Visitor: 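Input: one structure, supplied below.
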2 protein chains.
Amino acid sequence: MVTPRKKIPSPAGAAAARSDHLDTRVLETFVGYNARRAWLVVTQVFAERMAVYGLKQVDFSVLSLLAHNPGATSRQLCSTLDILPPNLVSLIAAMDSRGLIERRPHPHDGRAIGLHLTPAGEQLVREAEQTVIELEADASARLTPRERETLIRLLQKVYH
Amino acid sequence: MVTPRKKIPSPAGAAAARSDHLDTRVLETFVGYNARRAWLVVTQVFAERMAVYGLKQVDFSVLSLLAHNPGATSRQLCSTLDILPPNLVSLIAAMDSRGLIERRPHPHDGRAIGLHLTPAGEQLVREAEQTVIELEADASARLTPRERETLIRLLQKVYH
DNA sequence: TATTGTTATACTCTATAACTATA
DNA sequence: TATAGTTATAGAGTATAACAATA
């Protein structure tokens, strides 16, 4: 269980003489800076808790998307998640090898390949989604449920 | 001026038969997913507008931090920005070569090096910070000023 | 001619180990 | 013994060009 870059509070009086941290007030007026910092926190918790499933964030996104969009193509996954097609290939191949997904010929387009979860894949997604729900709640525990909804709504307003 | 992955709206009726995008409703219930998507939008605009200064996000963060924390050390920059020391070295060296910063011996610690902006560096930071303020306003233009403040406050609540 | 999936490849970002000089 | 800065290097993430098969 690797926990790199975890903020370990230094012994009480140790950093009294010379403060460890810098004045970040200007940077903290920017959405970009704050969004990245918050994302890093969630990412850290995500990586720790999802390691047991062998899933990175992008893996989970693909699997969850396939659970709710059976038969989706690589092209659609790429466009939805902002991934470049060449970078999805090995990812899909690995999930195929793991027996989590299978490729079937596309009904209307001979070039495309429809991606489907296997029963094992569906079972894994169910467990993984539940874990993500819990981990998300923990990672945003300093927010009230109402604040969390507001945060998500405002983030979506930026990118929608 | 590279603008990759820009969402170019396809001709009106073109995608009517087979929808391009997938159902992302589950992913959109997660803070991590939404924070990354919003961050990507701001990042895109940042890269486009800051290219004239030859500054990436991390470069700007370092320079802005030094503007408001003169004499800060590499160690402090790393801890503040969550960068690993080895990855800051070439970045600092490049800014030194460009004449934006200079290294002075640390007053109290012979191992450390105090980093300071040169006059050219200070001038660049002034212009760059102004550009970031404008770009941030544009990138979050769908938010009211009040909503933008709320968004930033809630993001900070997650990582503070 | 355009698009889907793919290979090969390069570039950037992030991470680890180990060294030096100071403390 | 621990820390600041550094080197070398490895691994992950992201990018472009080009090709075969199909539309």
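Being a predicted model, the structure only gives us computed values, none of them experimental. Computed over heavy atoms, backbone and side chain alike; hydrogens, waters and symmetry mates excluded.
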Visitor: To the nearest angstrom, how far is B:Gln44 atom CD from D:dA15 atom C1'?
Guide: 13 Å

Visitor: Just so I know, are the side chains of A:Met50 and A:Leu135 near enough to count as touching, which here means a heavy-atom distance under 4.5 Å?
Guide: yes

Visitor: Please tell me which of the listed nucleotides, C:dT12, C:dA15, C:dT6, lies nearest to the side chain of B:Lys56?
Guide: C:dT12

Visitor: Whole angstrom is fine here: how far is it from CZ in B:Arg103 over to P in D:dG5?
Guide: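 From B:Arg103 CZ to D:dG5 P: 10 Å.
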
Visitor: Round to the nearest Å and state the distance from A:Leu91 atom CG to D:dT14 atom P.
Guide: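 Distance check: A:Leu91 CG to D:dT14 P gives 11 Å.
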
Visitor: Do B:Glu28 and B:Arg37 meet the salt-bridge criterion of a basic N to acidic O distance under 4.0 Å?
Guide: no

Visitor: Taking A:Ile133 as the starting point, is it possible to reach A:Leu65 by hopping between hydrophobic residues whose side chains are less than 4.5 Å apart?
Guide: yes

Visitor: Nearest whole angstrom, please: distance from the P of C:dG5 to the CG of A:Asp96.
Guide: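 The answer, rounded to whole Å, is 14 Å.
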
Visitor: Any chance you could measure B:Leu151, atom CG, to B:Glu147, atom CD, to the nearest 0.5 Å?
Guide: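 That separation rounds to 9.0 Å.
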
Visitor: Which nucleotide in the set C:dA21, D:dG5, C:dT4 lies at the smallest distance from any side-chain heavy atom of B:Arg111?
Guide: C:dA21

Visitor: Between C:dG5, C:dC13, C:dA8, which nucleotide gets closest to the side-chain atoms of A:Ser74?
Guide: C:dG5

Visitor: Where the side chain of B:Asp109 is defined as all heavy atoms beyond and including C-beta, which of C:dT6, C:dA23, D:dT6 is the nearest nucleotide?
Guide: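 Minimum distance to the B:Asp109 side chain belongs to C:dA23.
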
Visitor: When we call it a touch if two heavy atoms are under 4.0 Å apart, what does A:Leu88 touch: a base, just sugar-phosphate, or nothing?
Guide: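 Nothing, no heavy atom under 4.0 Å.
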
Visitor: Look only at the side chain of A:Asp23 and the backbone of B:Asn69, and say whether a donor-acceptor pair between them is shorter than 3.5 Å.
Guide: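 A pair under 3.5 Å: no.
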
Visitor: Measure CD1/A:Ile92 against P/C:dT7 and give the value in whole Å, please.
Guide: 13 Å

Visitor: Output the rounded distance in Å from CH2 (B:Trp39) to C1' (D:dT14).
Guide: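 Taking atom C1' of D:dT14 as the reference, CH2 of B:Trp39 is at 11 Å.
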
Visitor: Between A:Arg104 (CZ) and C:dG5 (C1'), how many Å, whole number?
Guide: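 Nearest whole value for this atom pair: 19 Å.
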
Visitor: CG of A:Asp82 versus P of D:dG13: gap in Å, rounded?
Guide: 16 Å

Visitor: Would you indicate which nucleotide in C:dG5, D:dA12, C:dA17 comes nearest to any side-chain atom of A:Arg75?
Guide: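 That would be C:dG5.
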
Visitor: Side chain of B:Ala112 only, heavy atoms from C-beta on: which candidate in C:dT4, D:dG5, C:dT6 is closest?
Guide: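 For B:Ala112, the side-chain atoms sit closest to D:dG5.
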
Visitor: On DNA chain D, check which nucleotide each of B:Val89 and A:Asn87 is closest to and give me the residue with the more 5' one.
Guide: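 With B:Val89 and A:Asn87 compared, the 5'-side residue is B:Val89.
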
